[in-house]
Amino acid sequence: MNRTISILDRLIGFPTVSADSNLELISFSATLLREAGARVSVSRDATGRKANLFATIGPDVSGGIVLSGHTDVVPADPAEWTCNPFQMREENGLLYGRGTCDMKGYIAAVLAKSQEYALLDLKRPLHVALTYDEEVGCFGARHLVEELQQSAIRPSVAIIGEPTEMRVIEGHKGCYEYTTAFHGTDGHASEPDKGVNAIHVAAAYISRMMELAENMKGKAGADSERYSPPWTTLQVGRIDGGSARNVIARHCAVEWEMRPVRTEDALQVKAALEAYCRDVLLPQMTSVYPDAEIVTEIIGEVAGLAVMPQNEARDIVTSLTGANLCDVVSFGTEAGLFQSLGLSVVVCGPGSIAQAHKPDEFLAVEQLDKCLAMLTGLEKTLLQSP
């Protein structure tokens with residue numbers, strides 16, 4: 001535990017907000033893993049400012065177990081915190097700092113345990129995967145999965161350590177993120193018919209989106225009843241447009257997301273919005289300004305984690321945690337990407353999602369202790385051939 005907390009303290013000290021580099025954290029983690037005898041591969045993104053890490057302890061055979069976590073964190077405004085968000089503080093059994101529960105606590109536990117794994121005669125390889133940019137579209141995990149697809153050696157199990165209070169999560173919704181930009185033409189507000197107000201068009205688009213969101217409530221069924229809420233959701237997170245109160249807005253951008261229970265829901269929503277733009281909004285816009293356009297940028301379309309009847313990861317982790325039941329959650333993770341490779345996947349990690357993305361984020365030491373117990377119990381599985 002002391003070693004894990006010490007590592008976590010270092011990890012929190014790396015301000016790996018998604019907009020910034022994670023290279024220092026990756027370098028620190030790579031050093032620890034190499035010192036433990038792991039074979040470490042670091043792969044940078046196109047900018048050279050971000051990197052994934054994939055490490056292996058044990059034999060070079062298929063059937064290994066991946067312990068995966070993302071290294072990026074959401075922004076933290078120091079004015080909203082009672083302590084420095086990037087300097088870990090321990091108080092009354094709680095570890096405060098940005099990323100303590102989401103999800104550097106899990107990463108710290110994995111790095112601490114790696115030294116012990118390396119001392120064992122593993123028959124089944126243990127892989128450590130650290131990714132970048134999960135919070136803004138799971139870009140690092142997508143890159144990692146592409147590389148694993150080309151690998152001759154394929155893991156068979158992945159445990160994603162997002163904060164679940166050590167509950168075993170076997171399914172979650174997808175997370176689809178978009179920015180839709182409306183391009184009209186400006187003019188004086190006293191003659192609105194001579195311009196194309198992009199904000200007005202965006203408002204109509206949002207209204208149609210909310211109609212579709214209401215329709216999704218009627219699609220709740222037996223396959224979704226475990227989710228909260230038990231239907232596909234849509235919501236607008238940010239709107240940016242216009243220049244002044246008395247100027248027709250020539251541009252407006254709407255940032256929105258969808259959390260589909262099932263893939264067909266996402267396809268239905270996208271098709272309906274595309275048809276509305278093509279058949280209704282664009283004809284109205286181009287009748288005034290022929291160069292008007294509507295452009296939707298896909299920020300990320302991350303598949304959900306499908307509940308599977310056979311799931312080795314679920315069997316392993318429930319036996320280690322003593323869980324009698326598994327659960328599903330509405331928030332998204334990288335788990336679906338690993339599942340797309342054919343791996344058995346669950347989400348299970350220390351801390352509560354209720355503390356994530358908030359000022360004074362914390363992780364209870366008790367939760368970290370349960371995580372370490374699970375990782376210690378995993379040794380028995382690793383000592384057996386896959």
Side-chain angles (χ1 to χ4, degrees), residues 58 62-70 101-103 105-107 109-110 113 117 122-129 131 134 138 141 144-145 148 154-175 222-228 230 259-263 302-353 367 370-386:
S62 295
I65 297 176
V66 180
L67 305 179
S68 181
H70 65 79
C101 78
D102 188 19
M103 52 183 301
Y106 178 75
I107 293 173
V110 169
K113 282 296 303 181
Y117 291 143
L122 302 186
K123 299 297 188 295
R124 188 170 191 170
L126 185 284
H127 306 286
V128 177
T131 62
E134 185 270 350
C138 295
L144 177 63
V145 165
L148 289 176
R154 184 66 57 82
S156 61
V157 166
I159 303 170
I160 316 299
E162 291 277 7
T164 67
E165 298 176 280
M166 296 305 296
R167 293 179 300 130
V168 183
I169 304 302
E170 62 175 340
H172 65 67
K173 294 182 180 182
C175 183
D223 62 337
S224 64
E225 62 185 8
R226 296 171 67 190
Y227 290 103
S228 176
R259 304 284 175 135
V261 170
R262 53 188 79 82
T263 303
V302 180
L305 176 62
V307 177
M308 304 298 289
Q310 302 296 322
N311 187 331
E312 185 188 6
R314 179 183 60 209
D315 296 340
I316 290 172
V317 178
T318 52
S319 69
L320 295 178
T321 61
N324 294 319
L325 298 172
C326 295
D327 206 349
V328 299
V329 292
S330 294
F331 64 83
T333 78
E334 298 169 331
L337 290 165
F338 285 95
Q339 189 177 58
S340 71
L341 277 176
L343 277 66
S344 297
V345 188
V346 291
V347 183
C348 182
S352 169
I353 197 69
Q367 284 284 304
K370 290 180 179 179
C371 180
L372 286 169
M374 177 188 75
L375 295 175
T376 297
L378 188 62
E379 293 176 359
K380 183 177 179 181
T381 302
L382 295 170
L383 290 170
Q384 300 171 354
S385 298

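Worth knowing before you read on, the calculation uses all heavy atoms, side chains too, and leaves out hydrogens, waters and symmetry mates. Residue numbers run from 1 in the order of the sequence given.
When side chains are defined from C-beta on, Leu343 does not count as touching Val157, because their heavy atoms never get closer than 4.5 Å. Counting only heavy atoms from C-beta outward, the side chains of Tyr106 and Ile159 approach each other to under 4.5 Å. Within the 4.5 Å cutoff, the side chain of Met103 has heavy atoms near those of the Glu162 side chain. Residues His127 and Leu67 have side chains not in contact (no heavy-atom distance under 4.5 Å, counting atoms from C-beta outward). Arg167 has its side chain within reach of Val329: a pair of non-hydrogen atoms, C-beta onward, lies under 4.5 Å apart. Between Val328 and Val307, some side-chain heavy-atom pair lies under the 4.5 Å cut-off. Considering only heavy atoms from C-beta on, Val66 stays 4.5 Å or farther from Leu126 through its side chain. Proximity of Ser340 to Val145: side-chain heavy atoms (C-beta onward) are separated by under 4.5 Å at one or more points.
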Hey, mind stepping through Ile169 and Cys326 against side chain to side chain contact (heavy atoms under 4.5 Å, CB included) and telling me if it holds? CA-CA 6 Å; Ile169 304 302; Cys326 295; over 6 Å; no
As a quick check of understanding, evaluate side chain to side chain contact (heavy atoms under 4.5 Å, CB included) for Val317 and Met374, giving each step before the final call. CA-CA 8 Å; Val317 178; Met374 177 188 75; 3.9 Å; yes
Could you walk me through whether Leu305 and Phe338 satisfy the side chain to side chain contact (heavy atoms under 4.5 Å, CB included) test, starting with their C-alpha distance in whole Å, then the side-chain angles of each, then the deciding distance to 0.1 Å, before giving a yes or no? CA-CA 9 Å; Leu305 176 62; Phe338 285 95; over 6 Å; no
Could you go through Leu378 and Ile316, starting from their C-alpha distance and side-chain angles, then the distance that decides it, and tell me whether this counts as side chain to side chain contact (heavy atoms under 4.5 Å, CB included)? CA-CA 8 Å; Leu378 188 62; Ile316 290 172; 3.9 Å; yes
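Between Leu382 and Pro125 the shortest heavy-atom distance is CD2-O, 3.9 Å. In terms of heavy atoms, Lys123 sits closest to Ser385 at CB-N, 3.7 Å. Taking each heavy atom of Gly63 and Ser156 in turn, the nearest pair found is O-OG, 3.2 Å. The minimum heavy-atom distance between Pro309 and Arg314, with the atom names listed, is O-NH2, 2.8 Å. Nearest heavy atom pair, residue Cys101 against residue Gly351, reads CB-CA, 4.1 Å. Pairing each heavy atom of Pro163 with each of Asp102, the nearest pair is CD-OD1, 4.0 Å.
Around atom CD of Gln384, more than 12 heavy atoms belonging to other residues, nucleotides or ligands sit under 6.0 Å away.
In this structure, OH on Tyr117 lies 9.0 Å from CG on Leu122, to the nearest 0.5 angstrom. Between Thr333 atom OG1 and Ile160 atom CD1 the span is 6.0 Å, to the nearest 0.5 Å. Atom CG of residue Leu144 and atom OG1 of residue Thr131 lie 7.5 Å apart, to the nearest 0.5 angstrom. Atom-to-atom distance recorded for Leu320:CG and Thr381:OG1 is 5.5 Å, nearest 0.5 angstrom. With rounding to the nearest 0.5 angstrom, the CE atom of Met166 is 5.0 Å from the SG atom of Cys371.
Under a 4.0 Å N-O distance rule, the pair Lys370/Glu165 does not qualify as a salt bridge. Using a cut-off of 4.0 Å between Lys/Arg side-chain N and Asp/Glu carboxylate O, Arg124 and Glu379 are scored as not salt-bridged.
The backbone N or O of Gly171 lies less than 3.5 Å from no partner atom in the side chain of Arg226, so there is not a single donor-acceptor pair. Side-chain atoms of Ser62 come within 3.5 Å of backbone atoms of Arg154 as a donor-acceptor pair (strictly under, hydrogens ignored). Between the side chain of Glu334 and the backbone N or O of Glu134 there is no donor-acceptor pair closer than 3.5 Å. With hydrogens and angles ignored, the 3.5 Å screen pairs no side-chain donor or acceptor of Ser344 with any backbone N or O of Asn311. The backbone N or O of Pro350 sits nowhere less than 3.5 Å from a side-chain atom of Gln367 that would complete a donor-acceptor pair.
When only modelled atom types and interatomic distance are considered, Ser330 and His172 share no side-chain donor-acceptor pair under 3.5 Å.
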